[in-house]
Novice: 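The structure under discussion is supplied below as structure tokens; questions concerning it will follow.
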2 protein chains.
Amino acid sequence: MTEKMIPDIVIGRLPVYLRALQRMVQEGRQVTSSQELGERLGISAAQIRKDLSQFGEFGKQGTGYQIDYLVDQIREILNVNQVWEIAVIGAGDIGSAVARYGGFANRGFAVRMIFDNNPEAIGKLVGSFTVQETAVMVPAIQQAGIQIAMIAVPANQAQEVADKLVEAGVKAILNYAPLSLNVPEDVHVQYIDPVIHLQRMTYYLE
Amino acid sequence: MTEKMIPDIVIGRLPVYLRALQRMVQEGRQVTSSQELGERLGISAAQIRKDLSQFGEFGKQGTGYQIDYLVDQIREILNVNQVWEIAVIGAGDIGSAVARYGGFANRGFAVRMIFDNNPEAIGKLVGSFTVQETAVMVPAIQQAGIQIAMIAVPANQAQEVADKLVEAGVKAILNYAPLSLNVPEDVHVQYIDPVIHLQRMTYYLE
DNA sequence: TAGATTGTTAATCGATTAACAATC
DNA sequence: TAGATTGTTAATCGATTAACAATC
């Protein structure tokens, strides 16, 4: 590790900036400022400037940021100026919805395979993918060199699946199963559990 | 606001503690410690004790925490010792998967209605719910007194839907559309966008 | 009792904000 | 030029951790 260390909390905000900036592009906007972006996102202008300054100088005094250019730069920082292939594990409601999700295109990701261990699901079509059996998962992922997987299996199978994914060389897991996973230090995990988000809000409700 | 103010970041960790504790209950465990819980979650024992101490004294020196009791206490703190009814807006892949999701039961939530503005979707069954037209959304939510909604419509319709939900009296929104929403201060919003999580991980990948 | 673990305090660490010189 | 906005510094604010008396 020779580069200066960037706080993970900063990395976590970059995708949010990128999403808002790409939306501005869609709106036909060409230039923005840290203030405008901050207002859209509910983040202070100072924080946005500070975050971006960790990676370089992307703006111009007096005028702000050229949106196209800033989008390109953030895409490069986040390594999403390429398409990452994804394996989806679990072909139930969630896995199927994710496999068919149209929102990955142009944001750096593409689902490439989907697996399930349920004999009734194996062989069926989900979007444009045939559901493969879990038994072939490790070699299939290895052969394709896939580094990113999404876990959408029941909670009691999720750790076992995670172990296999690690074995297959996966380095990033997006886990939809409602539990924390244990993985080696060099494997990244992010969690999506709607209940966690909901419970965070009910604290404030009557 | 008379109570002492609890940091939102602490509130955000409580659901994670709760999920792990409820899992321990399923495993037949009766007692745990801040150290054990911390190891499972990748959080320091000191932080867990500090977080819990914001709300009371739930443990015993020398022995730790009675899991059942701690679960009850956290459920009460988070207001999830009741069932919150949810309206789902959007009956596409994501909305349908969420409406059928079995993971809400016993965690404090129940989907009660689903809406879509696509004539082909209206009237169809999603799980045990008939998809209703968006035109009746505001009065239906008002009449049922529903305070929580999930937005699962395309990005370009999401703000419009959010405005209507606010009008209907909704106080908490879980937004699956990939953009930031603008809502009044007293309305809570949480976001689920798989791409945001993925991009946060690709930064660290080669 | 001896060992374990809590709840809490004080110290450390890190993140956010305010402010402004630089400059477009 | 005058106005606007960046990038950066220093100050503030808040969160995490270490340590330990209390006590089960």
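So that the names make sense, note that chain A is the first sequence line, chain B the second, and so on, each numbered from 1.
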Novice: Please tabulate, for side-chain N and O atoms in residues 72-98 of chain A, each donor-acceptor pair with protein atoms closer than 3.5 Å (sequence neighbours left out).
Specialist:
from	atom 1	to	atom 2	distance (Å)
Asn79(A)	ND2	Thr202(B)	O	3.0
Asn79(A)	ND2	Leu205(B)	O	3.0
Trp84(A)	NE1	Asn79(A)	O	2.7
Glu85(A)	OE2	Arg112(A)	NE	2.8
Asp93(A)	OD1	Arg100(B)	NE	3.3
Asp93(A)	OD1	Arg100(B)	NH2	3.4
Asp93(A)	OD2	Arg100(B)	NE	3.2
Ser96(A)	OG	Ala91(A)	O	3.0
Ser96(A)	OG	Gly92(A)	O	2.7

Novice: Both atom distances under 3.5 Å, Watson-Crick or G-U wobble: I'd like the secondary structure of DNA chain C as a dot-bracket string, with | for pairs made across strands.
Specialist: ..||||||||||||||||||||||
Novice: Is Arg49(A) paired with Glu57(A) through a side-chain N to carboxylate O contact shorter than 4.0 Å?
Specialist: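 Arg49(A) and Glu57(A): not salt-bridged.
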Novice: Where does the angle between the aromatic ring planes of His188(A) and Tyr204(B) fall among parallel (under 30°), tilted (30 to 60°) and perpendicular (over 60°)?
Specialist: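 It falls in the parallel class, under 30°.
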Novice: Listed by chain and number, what are the side-chain hydrogen bond (donor to acceptor under 3.5 Å, both in side chains) partners of Ser180(B), not counting sequence neighbours?
Specialist: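 In terms of side-chain hydrogen bond (donor to acceptor under 3.5 Å, both in side chains), with neighbours along the sequence ignored, Ser180(B) is linked to no residue.
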Novice: Without placing hydrogens or testing angles, list every side-chain donor-acceptor pair under 3.5 Å for residues 148-174 of chain B, not counting sequence neighbours.
Specialist:
from	atom 1	to	atom 2	distance (Å)
Gln157(B)	OE1	Asn117(B)	ND2	3.2
Gln159(B)	OE1	Asn182(B)	N	3.0
Gln159(B)	NE2	Asp163(B)	OD1	2.9
Gln159(B)	NE2	Asn182(B)	O	3.0
Lys171(B)	NZ	Asp186(B)	OD2	2.9

Novice: In residues 58-67 of chain A, which ones come under 4.0 Å of DNA chain D, going by heavy atoms?
Specialist: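 Close to the strand are Phe58(A), Gly59(A), Lys60(A), Gln61(A), Gly62(A), Thr63(A), Gly64(A), Tyr65(A).
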Novice: Who passes side-chain contact (heavy atoms from CB on, under 4.5 Å) against Ala135(A), sequence neighbours left out?
Specialist: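 Applying side-chain contact (heavy atoms from CB on, under 4.5 Å) to Ala135(A) gives Glu133(A).
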Novice: Once side-chain hydrogen bond (donor to acceptor under 3.5 Å, both in side chains) is applied, do any residues pair with Gln30(B), and if so which ones, sequence neighbours excluded?
Specialist: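 Testing Gln30(B) for side-chain hydrogen bond (donor to acceptor under 3.5 Å, both in side chains), a comparison that skips the adjacent residues, returns none.
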Novice: Tell me every residue that passes side-chain hydrogen bond (donor to acceptor under 3.5 Å, both in side chains) with Glu206(A), counting only those two or more places apart in sequence or in another chain.
Specialist: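 By the side-chain hydrogen bond (donor to acceptor under 3.5 Å, both in side chains) rule, Glu206(A) matches no residue at all.
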Novice: Which two nucleotides bound the region of DNA chain C that has atoms under 4.0 Å from heavy atoms of chain A, read 5' to 3'?
Specialist: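 Using the under 4.0 Å cut-off, the span is dA15(C) to dC24(C).
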Novice: If the condition is side-chain hydrogen bond (donor to acceptor under 3.5 Å, both in side chains), which residues does Ser33(A) pass it with, not counting sequence neighbours?
Specialist: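 Testing Ser33(A) for side-chain hydrogen bond (donor to acceptor under 3.5 Å, both in side chains), a comparison that skips the adjacent residues, returns none.
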Novice: Tell me, please, which residues at least two apart from Ser44(A) pass side-chain contact (heavy atoms from CB on, under 4.5 Å).
Specialist: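 Result, side-chain contact (heavy atoms from CB on, under 4.5 Å) vs Ser44(A): Ala46(A), Gln47(A).
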Novice: Which ones in residues 30-47 of chain A lie close to DNA chain D, meaning a heavy atom under 4.0 Å from one of its atoms?
Specialist: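 Residues of residues 30-47 of chain A that come under 4.0 Å of DNA chain D are, in numerical order, Ser33(A), Ser34(A).
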Novice: Find the distance between CD1 (Ile48(B)) and CZ (Arg13(B)) and round it off to the nearest 0.5 Å.
Specialist: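 Here the rounded value is 9.0 Å.
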Novice: Without hydrogens or angle criteria, can the side chains of Asp51(A) and Tyr17(A) be said to hold a donor-acceptor pair below 3.5 Å?
Specialist: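 Result is yes, a qualifying pair exists.
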